[in-house]
Amino acid sequence: MEYQTILNYIAEAVRPSFGKGKVADYIPALAEVSPQKFGMTLQLVSGERFSIGDHNEPFSIQSISKLFVLQLVMSHLGEMVWTRVGKEPSGDRFNSLMKLEHEAGIPRNPFINAGAIATLDLLMSLKGNARHRIRNYLRYLSMDDSIDVNKTVMQSEIDHAHINRAMANLMKAHGNLNGDVEEIIETYCYQCALEMTCEDLAIAGLPLASAGYSSLHGDAILSKSQIKRINAVMLTCGMYDSVGSFAYRVGLPAKSGVGGGILAIVPGVMSIAVWAPELDAFGNSYVGTTALEMFTSMTHSSVF
Ligand code: GLU
């Protein structure tokens, strides 16, 4: 398939979609990113890679970090993660507090903020520095040692993390958080403020597309069973409360972040990273979703 031609086409075809979404501004430092950015990378299981636009520009991965923290926790602690978080779509906003009170402090899934905070608490219960563990895992997966945190974004998040702090306190009160609330929140803000390029992300997603194996690393990074489960949680919970319409339009397991990035997986074929900062009402990249919809329609690569 002529993937480069398809990417060139999509980069032009999405232009009318700019201006329809809105760059996240509840984290002030994120509001400064240019809304016109657009990058996309396809990392094929075969090792081939195709890119377009601002694919080499680092952006704030935000909630996409939750996917990698889940991988680390599953690798170290296995299935016990599901005693602390569920695996059902939430049907609420990514930072909603509502169900948390009704459901005794057990978040619906590891990809809403509350679930990510509980998952991170598990990672922080392991020996060693959790921040370094997350950053080094991303560096290893992406084969890019320059991956690092944006300290301005991190501080901006810490200063405005009132709702996330409320969630953490609620979970702590229900006995579903072991560590210190402030330490967990600051580490959560750290993981969200890590920056990666589309190319980094697509390479980091490769094991999810190839049953855990990475042809670039020449190594099995995750087991087949872990891949089956992580992709399932991405498909059902990765796009917040628009996960149904994303499945309808795009039809791939994916994880988004309010920095405007989306990582999507075509099982057995490729990992796709797209970045465009303007968000729809649910907190997912408006242009990124449109680009992925075009891609799966043109290449018939939806999982359905
Ligand atoms: N740091 C963001 C927050 O906690 C992540 C949200 C997201 O990317 O969806 O609000």
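For ligands, and for the atoms within them, numbers begin at 1 and follow the listed sequence.
Of the possible polar contacts, none joining the Ser156 side chain to the Ile27 backbone as a donor-acceptor pair under 3.5 Å is found.
In the vicinity of Glu157, heavy-atom distances shorter than 4.0 Å reach the ligand 1 atoms 1 (N), 2 (C). Contact atoms of ligand 1 toward Asn164: 3 (C), 4 (O), 10 (O) (distance under 4.0 Å to a heavy atom of the residue). For ligand 1 and Tyr240, the ligand atoms under 4.0 Å from any heavy atom of the residue are 7 (C), 8 (O), 9 (O). Within the listing of ligand 1, atoms 5 (C), 6 (C), 7 (C), 8 (O), 9 (O) sit less than 4.0 angstrom from a heavy atom of Ser63. Here is the list of ligand 1 atoms found below 4.0 Å of a heavy atom in Gly257: 8 (O).
Aromatic rings of Phe94 and Tyr240 (six-membered ring for Trp) have centroids within the 6.0 Å cut-off, being under it.
Closest heavy-atom contact between Lys37 and Phe18: O-CE2, 3.7 Å.
Of all protein heavy atoms, the one lying nearest to atom 10 (O) of ligand 1 is Tyr26 OH, 2.6 Å. Looking at atom 2 (C) of ligand 1, its nearest protein heavy atom turns out to be Gln62 OE1, 3.0 Å.
Contacts of Asn113 with ligand 1, taken as heavy-atom pairs under 4.0 Å, involve the side chain alone.
Checked by distance only, ligand 1 and Tyr188 come closer than 3.5 Å through their nitrogen or oxygen atoms. Of the polar atoms of Gly259, none of the N or O atoms is found under 3.5 Å from an N or O of ligand 1, judged by distance alone.
Separating the CZ atom in Phe295 from the OG1 atom in Thr290 is a distance of 15.0 Å, to the nearest 0.5 Å. Here the straight-line distance linking atom CG of Asn129 with atom CE of Met124 works out to 9.0 Å at 0.5 Å rounding.
No side-chain heavy atom of Cys237 sits under 4.5 Å from any side-chain heavy atom of Val243.
Salt-bridge annotation for Asp92 and Arg108: absent, with no side-chain N of the basic residue lying under 4.0 Å from a carboxylate O of the acidic one.
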